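A quick write-up on the structure given underneath.
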4 protein chains.
Amino acid sequence: MTEQSLGVAVIGTGMAGRAHAAGYRTASTLYDTNLPDVRLAAVADLNAESARDTARRYGYDRAETSWQAIAEAPDIDVVSVVVANPLHREIVEALLTAGKHVLCEKPMAPTVEDAEAMTAAAAASSQETGIGFVFRRSPAISAIREKVLSGAIGAPVHFNGHYWCDYACNPAGPMSWRYKGGHGSGALADIGSHLVDVGEFLCGPITSVRGTVLATQITERPLPVGSAIGHAATEVSDTFEPVENEDLVTFTATFASGATATLSASRVAYGLANSLGFELFTENGAATFDLLRAGEFGFRDGSSSTDTAGVRQVPLGPEHPYLTGGMAMDFPGVNHGQNDLFAWQARAFLEQVSGQKHLPHLASFEEGLRNIRVLAAVVESARADGAEVTVD
Amino acid sequence: MTEQSLGVAVIGTGMAGRAHAAGYRTASTLYDTNLPDVRLAAVADLNAESARDTARRYGYDRAETSWQAIAEAPDIDVVSVVVANPLHREIVEALLTAGKHVLCEKPMAPTVEDAEAMTAAAAASSQETGIGFVFRRSPAISAIREKVLSGAIGAPVHFNGHYWCDYACNPAGPMSWRYKGGHGSGALADIGSHLVDVGEFLCGPITSVRGTVLATQITERPLPVGSAIGHAATEVSDTFEPVENEDLVTFTATFASGATATLSASRVAYGLANSLGFELFTENGAATFDLLRAGEFGFRDGSSSTDTAGVRQVPLGPEHPYLTGGMAMDFPGVNHGQNDLFAWQARAFLEQVSGQKHLPHLASFEEGLRNIRVLAAVVESARADGAEVTVD
Amino acid sequence: MTEQSLGVAVIGTGMAGRAHAAGYRTASTLYDTNLPDVRLAAVADLNAESARDTARRYGYDRAETSWQAIAEAPDIDVVSVVVANPLHREIVEALLTAGKHVLCEKPMAPTVEDAEAMTAAAAASSQETGIGFVFRRSPAISAIREKVLSGAIGAPVHFNGHYWCDYACNPAGPMSWRYKGGHGSGALADIGSHLVDVGEFLCGPITSVRGTVLATQITERPLPVGSAIGHAATEVSDTFEPVENEDLVTFTATFASGATATLSASRVAYGLANSLGFELFTENGAATFDLLRAGEFGFRDGSSSTDTAGVRQVPLGPEHPYLTGGMAMDFPGVNHGQNDLFAWQARAFLEQVSGQKHLPHLASFEEGLRNIRVLAAVVESARADGAEVTVD
Amino acid sequence: MTEQSLGVAVIGTGMAGRAHAAGYRTASTLYDTNLPDVRLAAVADLNAESARDTARRYGYDRAETSWQAIAEAPDIDVVSVVVANPLHREIVEALLTAGKHVLCEKPMAPTVEDAEAMTAAAAASSQETGIGFVFRRSPAISAIREKVLSGAIGAPVHFNGHYWCDYACNPAGPMSWRYKGGHGSGALADIGSHLVDVGEFLCGPITSVRGTVLATQITERPLPVGSAIGHAATEVSDTFEPVENEDLVTFTATFASGATATLSASRVAYGLANSLGFELFTENGAATFDLLRAGEFGFRDGSSSTDTAGVRQVPLGPEHPYLTGGMAMDFPGVNHGQNDLFAWQARAFLEQVSGQKHLPHLASFEEGLRNIRVLAAVVESARADGAEVTVD
C-alpha cells in the first residue's frame, strides 16, 4: 500500500454494492480536507456480467469474479463487503489477514458466534474496520443525536420506532433467499437491524428486550422461473415453498439509561415502500424523523413561549452535520437521498482509514456485534413467549 | 318513567362530566329521527358549587350533591356515571337496581372483579347499559372500521397504536389521585384503556399480551397547596410523595384473528397534549388516524394505478358516519372536535334507550369487561417480566 | 325588551341559518360571565316546514314564515339575518327600525349602495350590529392576529391566501341561484368575501387591487328537476342555462401598511371541499393556517436556535383565545369544528348586545361595507383588464 | 471533436457551476444506454483558486481562468455556461461559433434582445443547445406533467404556484450583485423564472400577465467588507446602498389553454430557505408539489370510491421518470436531492448531444426566450399598474 493514494474495491454488485461503488466515486468530491487520492480499483461479483457492468458504470479499473482476487490484489487498500451476510465472516477475516481496511455491510453476521470471531479478528489487526449502518449518515438523525448528546433536551424517556416496507405484501411474489433461514433472518435481520442501530445511536445500549412477536403473514411462496432479482416480482411457477422467517417483528426494549423502546419492523406494511421513522421523547423535549421526508426533522424543546409552542419541522441546512461542503449545492432545502448517505459513509470510512475525522467514523465491529446480540435476544424472547432476555 | 320523554342526569361534574352534560343538551338537535323528548333533569356532584354551575350552564333543571339523589329520583331515566372509577361499581349497581339506564364512563372499573359484578348486574336488569368509549364516535375511526368490516382491504395484519399525552411531564406538577394506586392505574387505565378499545374496535378481540414495560419517569411529586384540579399545575408545597403508578406503558398483543399489535400509552410524551393515533396494515390496504387531525384519515387500497398509488388523506364528508345531519353545518371539511364525540355518544345512548338505531349503540358492559381483562393481563405480563399472558 | 333576558331569533333556515340557530343554543353554555338569560324565541323561513323543523331541533319556541313576524315580535331582541344577500338591506333596515340588534350574514350586500345604506341605518340606530365573518372566531386565526398585533413578528410583508372549494366541479351539477347574477356574485361573493376579510383581519385595510381574473370554467348547467338544495347534485333536466358568474377569481392587492396580497378563490378546485388557508410572512416571522387542520397553526419567529429553527405546528390550547371555558372539554388537542365557530360568534354577539366583552365583538357594518368595496374593486379591475383599482 | 468521446467543460464555479461540474461527473454512471465516453476536460473561472479547487474536487483535467480558453480548446465538445446572466450572450455566441454544444443556465438573458440574439445564433448553428431549467428534472414534476399530457385528469384549470426563499430577510445582509439592476432583476429573475417555467412545463404557454406587484421590502443594504459570497452574510460596513430590484413579485397569468395562474416569488419569505411549490387543479383532478418533500407528490383523480377519495401522497418509485436506473439505489422511498436534478440534467444534455433520448431533452433556447418574454411582460405590467400585458 502506498501513502500517496488509497485503492478501493467493492465485493458484491447487487443494489447495495452498487451504492457503495457509487459512494466511493463521489466521496472524494465532498468537503475540502486533504484526503489522499482515491483510486477506484476493482469491483468483484460471482456474476461476471454484473461485475463488468458495475465497474464500467462507476469508473472502476477492473472487474473480478472472486473476492479472493480482491484480497490478493496489492493495489487495494480499502474494501466494502456487500454480500449475503452468511459470507461476511470468511471474507472479512481473509481481507483483514491480507491487510485490508474493511467496511462490512449490515447486519454484521447471521450469528453471534460469527460476529464475535470477526470482532476478534478486527481487534487483532491494525487496520480500520466498520459496519455499514448507513442511516447514521442521515443529516436529520445526526442532528437529533447531537441534540440528545448535548443534554439540551434531557435524557431519553421513550423511543418509538418502526421500519416498515411492503416488498413482501404480494402473495404472488416469488420465493427467494430473503424468505429462507430461521426466525430472525427475515424482517428482523433485513430492516430491524437498522432500526435497532438507530435506537442505540440515539439512546445508547439496549440491555434487555421483551415480548417479541415474530409473525409470518404469507406462509408460502411460488418458486420463480429463472432467478429472482432484488425485491421485484418475476415470473413464477406453480410450485410453492414455505416461507421460513418472519414478515413482521415487534418488541419492547429497555436501554441502559432506563429509557423504554417500542419497536416494530415489517415487510408487509401495505403501501409503504421504505418507511423508517421514530418519535423520541426526552425529559425536556422531543424529536421525530420520517425517512420519506428526510430533508427535515421534528423537534420540540422548551424555548418557545407557551402560546406558540409546538413541534417544529426543521429543514436541514448548513447548521447541520454533513450538508455544508458535503454536496455541490449545499444550501438549506436542497434535500438529499439515500445515495447521498452512501457517499457520506464512504467518505467517513476513507477519512477513518487516512486518520482524519471530518465526519464521524463508522460504527465499530464491537457495535456491530452488539447489534447482533440484540437481534439474537429478540429471537430468544420470541421462543420464550415474550419473556425478557438480557443483552450481555 | 314515562314513555313520552326521557329524563337525563349526569353524576360527576369534572371535565368529562361536563362533556356528558353538554352532550345530552346537543344530542336532541342531531338527526331527524323521532327521538322522545329529552329532559335535562339533574346533575350531581359532591362539590355543590360545581354541581350548581354545571346545571346552570348546560340547562339542567336541578343540581344534587349525592348520586343517591339521582338513583332515587323518579323523573330520571338515563344516567351517565362520570366519577373516579373505584366508585363505578357501587353507583352503577344502585342505579340499575333503581331501574335507570346507565352509561358508565371508561375504564369500567379498577378490577376485573368489579367489572364482572357490574356486567352481571346489567345482564340481570332489563335496562340499557353502555361504556363511554368515546373514540368509537370518531367519524374517521368509524369510517375505517366500516372499511375493515366490509372486507375491502382484507384482514388486519398489524395495528400500531399510541396514545401519548404530556400532562405528567412537569416534575413540579402536583401529586393528585392520578398518581395513586398500583401498577396499571396510571397511563394504562387513563389513556391505555381507550387505545385498547380502539384496537379491538377495529381488529376484534385481543387474546394475549406480551412484553409489558411499565415505567415511572417521575417518581415523586410535591403535594399541592389546596386541591389539584384537572391536569393543571397549581401551587405546590415542599413535601413530596411517591408516584405509585406508571407514566408509560408499552406492550405487544395478538388478536384472535392472528393480527399483531404494537401499543404504547404515555403521559410523559413531551409536547403532545392529546395524541391518539394508529397505523393499521391489512392484507390489501392500510389506514391511519391522528387525533390532532381528526377531520381526515389516511387510507390506501389497490384502487389506484401504480404510478399514482399513495396513502390518501380522506377528508370526512357526508359519505361518512355521523356527519350528515349530525351537525347543523355538515358538509365536507367543516371539522369536528372531541365535544362533538360526546354529543354523538349521548345521542347514541338515547337512541339505544328508546329502541332506535341511527347510530351504533354503545360498547356493552361485556366489552367493557373485556377491556378491563386486557388491562389486567398487561399488568400481569409486566409482573412476569414480559411473558405472555392470555386474555380469557 | 326586557333587561332580564334576551330573546333571540334567526331569519333563514338554510344550512347557515341552522348553524346560527344552533350557535345561540350553545352560546349560553360557554364561559362563566354573567350573560343575561337567553330565550330561543323564534326562527323564520318562507318554507314553513323548514322553519318548523329548525325550531323543533334547536329548541326555539316558535316558527314563523315571514321576516316581518320577527321584526314585529316584542319578545325578540337579537336577530340573525341569514338569507340571500339581495334581501339583506330591506330586512336589516326594518329590523333596525323595529329596535332589534342585528347580526347580518356575509357578504353584507350585493352592492356598495346597499351596504352604505345599511351602514347608515346602523349608525342612526342605537342597537348593536355586526357581520357574520365567522372565521374571525377561528382560534388559530385569532391567535395569529394576536401575534401580529403584538408586534412580536414585525409588520406583515406578504399574505398569500386561498379559499378553494369543489362544489361546482361537476358539469352535471344543476343550475341554481349560486350561478346567477353578474361578475362578482359567484366564487368572489360566496367565498372570496371570507378570504378578503381574513386578510384584512390580519393585515389591516386593503387599499388597492390589481390583476383580477374572473374565470368561468363551466359555462352552462342543466336545470334541476324540482329544486336544488344546498350544494348537492339533484336530478337534472335536458335544458341548460348559462352560468352568469365566476367559478374562479384571482387577484393581487396592496394593504395600507404596504404589505402585498396574493389571493384566489375557486369553486372548481377539484377534490377540496372546503379549503381556506394562507401563509403570512412578516418582517421577523411567519404564520400559516389550513382549515382542514384547524386545530393547529404554523408559526415561526426568531426564538429558536439556528439548528432547530423551523415552522412549528402549534396545537391550540388554553393559551389561545376561545378555548378555555369555551367548550365543555377545553384542554389542548380536543379540536373544534365550524359549528363551534358559530357558537362562539353567537356568544360574541350576545356579549356585545349585553355590554360585555369576553370575546372580541363582531365585525362592524363599517367593516362589512369595506369588504363589499374591496369585492367591487376586484370586479372593476377585471373589467379594466387587471389594472389597479383603488379602494376608497 | 472526436466521435469516441465527449469532452465537457463548465464555465463558472459558483455554487450552481459546481453543481453542473458534479452533474457531468455522475451523469455517465446513470442508466445503461450506450453513451459515448465522457471526459471531464476543464472548468473555468476568473477566480483562479475557485477554478483549481473545482477541477480538483470533481476530477476535471484542468482549470482555466477565462471562458475564451474553453471556447478555443479543441478537446471540448460540451459546455455549461453558469455565470452572471448579463454575460450569457457574449459567451454563448462565441461558444456556438466555436462549434460547442451549449447548456446555458437560467434565466437565459437579462433582456429579450439578448435572448433573441442567442436563439438566432443557436438556430444558425448545427449544435445542440438548452436552458438549465433544472426543476424539469424533478421526478415528481415530471410525473405530474405525464399525467396532465395523458389527458387522465383533463385540462388545467388553475395553477397556483410559489417560489419562496428567505435569503434576503436579514436587513443586515450585505449588498451584492443580487440587489442590483432594475425591476425584474431581483426575485423575478432569480426564482420567478423557475416558477414561470414550471407553470409552462405543466400547463403550456402563458399568453398574458396581469396585476404585477413588485415590492422591495428592504430598501437599502450595508456594503460588505471584502466580497459577499453566495447568500451568506459576511462582515458589513457602515455604508449603505439602495436595493435596486424587487424582493417580492406577485401576478396573475392566463395560459393559451384558458387556464389561470396565480403566482408569487419572494426572497423575503421568513423561514423558508427554498420553497418551490404549487397546486394544480384540472377538470377532473388535482396535483400538488412541495420541494421540501420532493420525494412525493399529491395527486387526486376520480378513481377512488367516494368514501375514500382524497388527495393521495404518491411516493416516487420505479414507475416514475428518472428513478429506475438513474441512481445506484433506485427503489421507492430512497429520495433524491437537488444535486441529483443536476446529474439528470447533465445526463439529458449528454444524451441530446449524442443523439439519444432516454431522458427528455433540455428546454430549448426558444423556450428560454419565451420565459424571458414572460418575465419582461411581468415588469411591463408592473409599470402599467397591473394592467394586462400580452406575451407575444
Side-chain angles (χ1 to χ4, degrees), chain A residues 153-155 157-158 160 162 164 166 169-171 208-215 217-218 247-254 258-264 266 268-272 275 279-288 298-302 309-311 381-382 384-389, chain B residues 153-155 157-158 160 162 164 166 169-171 208-215 217-218 247-254 258-264 266 268-272 275 279-288 298-302 309-311 381-382 384-389:
Chain A
I153 52 175
V157 170
H158 185 206
N160 187 75
H162 69 264
W164 295 331
D166 63 359
C169 273
N170 184 358
S208 69
V209 302
R210 288 185 176 193
T212 311
V213 176
L214 295 170
Q217 175 66 19
I218 295 167
D247 287 332
L248 168 65
V249 55
T250 183
F251 58 103
T252 65
T254 302
T260 300
T262 309
L263 300 164
S264 66
S266 171
V268 289
Y270 191 94
L272 294 182
S275 172
E279 295 87 18
L280 170 63
F281 299 102
T282 67
E283 289 175 308
N284 306 310
T288 64
F299 190 77
R300 178 151 179 175
D301 59 14
V311 174
S381 171
D385 284 341
E388 184 168 85
V389 175
Chain B
I153 53 175
V157 171
H158 185 206
N160 187 75
H162 68 265
W164 294 331
D166 63 359
C169 273
N170 184 359
S208 69
V209 302
R210 288 185 177 193
T212 310
V213 177
L214 295 170
Q217 176 65 20
I218 295 168
D247 288 332
L248 167 66
V249 54
T250 183
F251 58 104
T252 65
T254 303
T260 299
T262 309
L263 301 164
S264 65
S266 171
V268 288
Y270 191 95
L272 294 181
S275 172
E279 296 88 17
L280 170 64
F281 299 102
T282 66
E283 288 174 309
N284 307 309
T288 64
F299 191 77
R300 178 152 178 174
D301 59 14
V311 175
S381 172
D385 285 342
E388 184 167 85
V389 174

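No experiment lies behind these values; they were computed from the predicted model shown.
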Report which part of Thr282(B) has an atom under 4.5 Å of a heavy atom belonging to chain A: side chain, backbone, both, or neither. backbone

Residue Asp166(A) versus chain B: region with a heavy atom under 4.5 Å: neither

Please state whether the side chain, the backbone, both or neither of Ser264(B) comes within less than 4.5 Å of a heavy atom of chain A. side chain

Could you list the residues that satisfy side-chain contact (heavy atoms from CB on, under 4.5 Å) with Val268(A), not counting sequence neighbours? Ala168(A), Cys169(A), Gln217(A), Asp247(A), Ser266(A), Val157(B)

Could you look at Asn160(B) and say if it's the side chain, the backbone, both or neither that has a heavy atom under 4.5 Å from chain A? side chain

With a 4.5 Å cut-off on side-chain heavy atoms, are Phe281(B) and Leu272(A) touching? yes

Which region of Ala155(A), side chain (C-beta onward) or backbone (N, CA, C, O), has a non-hydrogen atom less than 4.5 Å from a non-hydrogen atom of chain B, or is it both or neither? neither

Interatomic distance, OH@Tyr270(A) vs CG@Asn284(B), rounded to 0.5 Å, equals 6.0 Å

Let me confirm one number: the OG1-CZ distance from Thr252(A) to Arg210(B), rounded to the nearest 0.5 Å. 11.0 Å

So NE2 of His158(B) and CH2 of Trp164(A): to nearest 0.5 Å the spacing works out to 6.5 Å

Where on Ala309(B) is there a heavy atom nearer than 4.5 Å to chain A: the side chain, the backbone, both, or neither? neither

Thr262(B) versus Leu263(A), closest heavy-atom pair with distance: CG2-O, 4.4 Å

Of the listed Ala286(B), Ala269(B), Ala215(B), the one with the largest count of heavy-atom pairs under 4.5 Å with chain A is Ala269(B)

Hey, which of Glu388(A), His162(A), Arg300(A) has the most heavy atom pairs under 4.5 Å with chain B? Arg300(A)

If I measure from the heavy atoms of chain A, does Glu283(B) come under 4.5 Å with its side chain, its backbone, both, or neither? both

